[in-house]
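None of the values given here were measured: they were computed from a predicted structure.
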Amino acid sequence: MGAKQGVEITGPRNDRYDEILTEDALALVAELHRNFEPRRQELLRARKERQDRISAGEDLDFLPETKHIREDDSWKVADPAPGITDRRVEITGPTDRKMTINALNSGAKVWLADFEDANTPLWENMVEGQLNLRDALDRKVDFTSPQGKTYALKADEELASIVVRPRGWHLDEKHILVDGERVSGGIVDFALYFFHSAKRQIAKGKGPYFYLPKMESHLEARLWNEIFVLAQERLGIPRGTIRATCLIETIPAAFEMEEILYELREHSAGLNAGRWDYLFSIIKVHRTRGRKFLLPERNSVGMTAPMMRAYTELLVKTCHKRGAHAIGGMAAFIPSRRDEEVNKNAFAKVRDDKSRESGDGFDGSWVAHPDLVPVAKEIFDGVLGENPNQISKQRPDVDVSAADLLAVDKTPGGISAAGLRANINVALQYLATWMGGNGAVAIHNLMEDAATAEISRSQIWQWLHNDVTLEDGPKVTADLVRTIIDEELVTIREELGQAFDEKLYQQAKELFSEVALADEYVDFLTLPAYERMP
């Protein structure tokens with residue numbers, strides 16, 4: 001069977017889509033699918049099998065079969081690549097046209113161009129995002145809004161380096177079928193960007209760089225590495241040109257950091273501390289393990305909690321030992337144009353957070369808004385000076401055990417009625433906006449994405465199944481949650497006025513109730529959400 005034969009596009013082919021959905025690009029998608037889909041499915045089954053063992057009482061631990069990799073001090077990852085040697089500030093966001101220009105112009109060193117948690121996987125978003133990235137590299141992305149505001153790129157040397165985040169292994173792309181099967185969303189996102197934009201990036205003196213999300217094992221990193229090798233071979237690009245930063249945002253991956261770097265050695269650009277998804281993973285993985293693994297409400301779980309300190313310090317030590325970048329977590333604050341007191345308090349928290357990260361040895365960190373770039377840059381400038389990173393800062397003082405990473409019960413904080421209500425409010429607003437096509441949503445002066453919605457619904461599921469009684473209220477029950485859902489919908493309707501979309505919020509209510517109140521836990525809320533989309 002020919003490479004193109006057997007490929008079916010079920011989504012609409014809107015204006016310019018044929019520029020992305022070319023025969024040769026789809027041939028690469030098809031080849032990667034046929035070579036690697038059986039392995040992806042095998043690895044997804046392995047996730048479930050490990051989850052079954054943990055639910056039955058097994059604790060996560062460092063792998064005995066890879067001990068030799070951890071104890072071998074001789075290996076290093078590849079040297080930092082052009083355009084991502086200095087990563088002191090990285091901005092994240094979806095790939096719509098306005099964000100593309102604003103992120104590239106922001107003054108950040110890197111833009112995480114997101115096809116994952118800050119994006120809704122509407123077909124239009126996925127294809128038009130690829131067009132926007134290619135147009136940006138061709139300097140054809142400038143536009144004037146209907147309000148008359150002009151958006152234009154600065155000079156190339158002032159732009160952030162593009163690092164693309166494809167979807168995680170668990171997500172499919174239902175609008176592209178190969179031999180009648182859905183293709184991995186991550187393979188689609190990677191292959192289309194790599195085919196159309198890799199050589200454009202190289203021509204600008206950089207390269208095709210990626211952020212890899214949601215991985216749970218080094219074997220999943222090995223699969224990405226094999227995909228990189230084959231894709232580079234097909235396009236005649238030297239092996240090792242691709243570089244990938246792996247998000248350590250699942251608790252199983254925290255026990256395999258060195259192995260993940262090892263699998264991607266020639267293609268590795270380090271690790272990132274994906275703090276919100278990490279909290280979600282801790283809850284999800286240990287949801288049936290009782291009160292020992294019960295987290296307090298999400299807004300009270302800070303990065304100074306013992307388990308979070310263990311996780312971030314181990315990440316820095318691991319990366320620098322192997323010559324890799326360690327990138328810190330998200331500053332999610334969205335500045336207010338109306339409340340300077342809110343800004344003052346939030347900027348102080350951002351400074352504290354970035355000061356702690358830079359002092360711990362992180363080489364850079366994330367922000368969600370261009371106004372935070374100067375704040376984070378100032379903090380990292382104070383530590384780095386003219387140095388591009390602090391990989392040379394080793395952390396021999398750090399000694400993290402499995403028990404340290406699993407010390408959930410040492411996390412200070414409680415569970416209040418306000419915390420329960422906040423979880424429901426944020427999740428409803430986020431899901432309604434997500435179903436409407438926007439995956440990065442400003443709510444209560446914070447940039448929310450799929451990870452924070454996952455925490456919100458997972459905490460409620462866990463509280464329900466552990467008979468939690470609120471500090472200042474009743475026991476958490478399904479009826480109580482349903483009552484608060486209805487109350488918060490009234491509040492949101494009053495706040496939004498004519499902007500309240502009855503249909504979208506009804507969908508959000510149904511979806512949230514499904515994933516928070518069901519007897520069986522749904523692994524990712526984006527899975528049933530995606531099936532509700534066109």
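The aromatic rings of Tyr521 and Trp461 sit perpendicular to each other, their planes meeting at more than 60°, with 30° as the lower class boundary. Ring geometry, Phe333 versus Phe347: the interplanar angle exceeds 60°, so the pair is classed perpendicular (tilted spans 30 to 60°).
A salt bridge does not link Glu454 with Lys284: none of the charged nitrogens is closer than 4.0 Å to a carboxylate oxygen. Contact check on Arg351 versus Glu378 returns a salt bridge, with a Lys/Arg side-chain nitrogen under 4.0 Å from an Asp/Glu carboxylate oxygen. In summary, Asp156 and Lys206 do not engage in a salt bridge, as defined by a charged side-chain N under 4.0 Å from a carboxylate O. Of the charged side-chain nitrogens involved, none lies within less than 4.0 Å of a carboxylate oxygen, so that Lys349 and Asp352 do not count as a salt-bridged pair. A salt bridge does not link Arg165 to Asp117: none of the charged side-chain nitrogens sits closer than 4.0 Å to a carboxylate oxygen. Ion pairing of Arg47 with Asp523 is absent here, as no side-chain N (NZ or NE/NH1/NH2) approaches a carboxylate O to less than 4.0 Å.
Side chain of Thr433 to backbone of Asn438: no donor-acceptor contact under 3.5 angstrom is found. Using modelled atom types, one side-chain atom of Ser281 and one backbone atom of Ile251 make a donor-acceptor pair closer than 3.5 Å. A donor-acceptor pair is defined here as one N or O able to donate and one able to accept, closer than 3.5 Å; such a pair exists between the side chain of Lys174 and the backbone of Tyr530. No donor-acceptor pair under 3.5 Å is formed between the side chain of Thr452 and the backbone N or O of Glu448. Proximity of a side-chain donor or acceptor of Arg50 to a complementary backbone N or O of Glu216 within less than 3.5 Å is detected. Asp339 contributes a side-chain N or O that, together with a main-chain N or O of Glu341, makes up a donor-acceptor pair within less than 3.5 Å. Panel note: side chain Ser458, backbone Ile455; no donor-acceptor pair is recorded below 3.5 Å. The backbone N or O of Met126 sits nowhere less than 3.5 Å from a side-chain atom of Asp189 that would complete a donor-acceptor pair. At least one donor-acceptor pair under 3.5 Å links the side chain of Gln130 to the backbone N or O of Tyr193. Using modelled atom types, one side-chain atom of Arg289 and one backbone atom of Ile54 make a donor-acceptor pair closer than 3.5 Å.
Residues that satisfy the side-chain hydrogen bond (donor to acceptor under 3.5 Å, both in side chains) test with Asp138, not counting sequence neighbours, are Arg200. Asn423 pairs by the side-chain hydrogen bond (donor to acceptor under 3.5 Å, both in side chains) definition with Gln459, not counting sequence neighbours. Here Asn345 pairs with nothing under the side-chain hydrogen bond (donor to acceptor under 3.5 Å, both in side chains) rule; sequence neighbours left out. Partners of Phe293 according to the ring-ring contact (aromatic ring centres under 6.0 Å, His included) rule, which considers only residues two or more places apart in sequence or in another chain, are His286. Considering only residues two or more places apart in sequence or on other chains, Glu531 meets the salt bridge (charged side-chain N to carboxylate O under 4.0 Å, His left out) condition with Arg182. Partners of Ser106 according to the side-chain hydrogen bond (donor to acceptor under 3.5 Å, both in side chains) rule, which considers only residues two or more places apart in sequence or in another chain, do not exist here. The side-chain contact (heavy atoms from CB on, under 4.5 Å) test applied to Ala273 returns Tyr311, Thr312, Leu315, Phe362, not counting sequence neighbours. For Arg291, there are no salt bridge (charged side-chain N to carboxylate O under 4.0 Å, His left out) partners two or more places apart in sequence or in a different chain. With sequence neighbours excluded, the residues satisfying salt bridge (charged side-chain N to carboxylate O under 4.0 Å, His left out) with Arg40 are Glu37, Asp172.
With 3.5 Å as the limit, one finds a donor-acceptor pair spanning the side chains of Tyr17 and Glu128. Side-chain atoms of Asp519 and His465 include no donor-acceptor pair closer than 3.5 Å. No side-chain N or O of Lys475 forms a donor-acceptor pair with one of Thr469 less than 3.5 Å apart. Inspection of the Asn425 and Gln429 side chains reveals an N or O donor paired with an N or O acceptor under 3.5 Å. Side-chain contact, Glu495 with Thr491: no donor N or O sits under 3.5 Å from an acceptor N or O. Checking Glu297 against Ser416 by side-chain atom types alone, a donor-acceptor pair falls below 3.5 Å.
Separating the CG atom in Leu489 from the OH atom in Tyr505 is a distance of 8.0 Å, to the nearest 0.5 Å. Distance check, rounded to the nearest 0.5 Å: CZ of Arg134 to OG1 of Thr100 gives 13.5 Å. To the nearest 0.5 angstrom, Leu480 atom CG is 6.5 Å from Leu470 atom CG. In this structure, CD on Glu488 lies 10.5 Å from CZ on Phe512, to the nearest 0.5 angstrom. Taken from OG1 in Thr526 to CD in Glu116, the straight-line distance is 8.0 Å, to the nearest 0.5 Å. How far CD1 of Ile443 is from CG of Asp449: 10.0 Å, rounded to the nearest 0.5 Å.
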Run the numbers on Val163 and Ile84 for side-chain contact (heavy atoms from CB on, under 4.5 Å), then give the verdict.
CA-CA 9 Å; Val163 178; Ile84 53 171; 4.2 Å; yes
Apply side-chain contact (heavy atoms from CB on, under 4.5 Å) to the pair Leu279 and Met308, showing each step before the final yes or no.
CA-CA 9 Å; Leu279 288 174; Met308 301 304 284; 3.9 Å; yes
Output, in order, the C-alpha distance, side-chain angles, deciding distance and verdict of side-chain contact (heavy atoms from CB on, under 4.5 Å) for Val183 and Val7.
CA-CA 10 Å; Val183 180; Val7 179; over 6 Å; no
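A heavy-atom distance below 4.5 Å is not found between the side chains of Met215 and Leu247. Looking at Leu223 and Leu43, their side chains come closer than 4.5 Å, going by heavy atoms from C-beta outward. Side-chain contact between Ile415 and Leu295 is absent, with no heavy atoms from C-beta onward closer than 4.5 Å. Side-chain contact between Leu133 and Thr95: present, with at least one pair of heavy atoms (C-beta onward) separated by less than 4.5 Å.
When the shell of 6.0 Å around CG of Asp52 is examined, it contains more than 12 heavy atoms from other residues, nucleotides or ligands. Within a 6.0 Å sphere centred on NZ of Lys154, heavy atoms belonging to other residues, nucleotides or ligands number more than 12.
Here salt bridge (charged side-chain N to carboxylate O under 4.0 Å, His left out) pairs that include residues 429-441, with residues two or more places apart or in two chains, number zero. Legend: salt bridge (charged side-chain N to carboxylate O under 4.0 Å, His left out) pairs involving residues 423-441, not counting sequence neighbours: none detected.
At least one test fails for Arg167 against the ring of Phe115: distance under 6.0 Å to the centre or angle within 45° of the axis.
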Residues 365-377, side-chain donor-acceptor partners within the protein, below 3.5 Å, at least two apart:
unit_1: Ser365; atom_1: OG; unit_2: Gly329; atom_2: O; d: 2.9
unit_1: Ser365; atom_1: OG; unit_2: Lys354; atom_2: NZ; d: 2.6
unit_1: Ser365; atom_1: OG; unit_2: Glu357; atom_2: OE1; d: 2.5
unit_1: Trp366; atom_1: NE1; unit_2: Glu90; atom_2: OE1; d: 3.1
unit_1: Trp366; atom_1: NE1; unit_2: Tyr211; atom_2: OH; d: 3.3
unit_1: His369; atom_1: ND1; unit_2: Asp371; atom_2: N; d: 3.0
unit_1: Lys377; atom_1: NZ; unit_2: Asp381; atom_2: OD2; d: 2.9

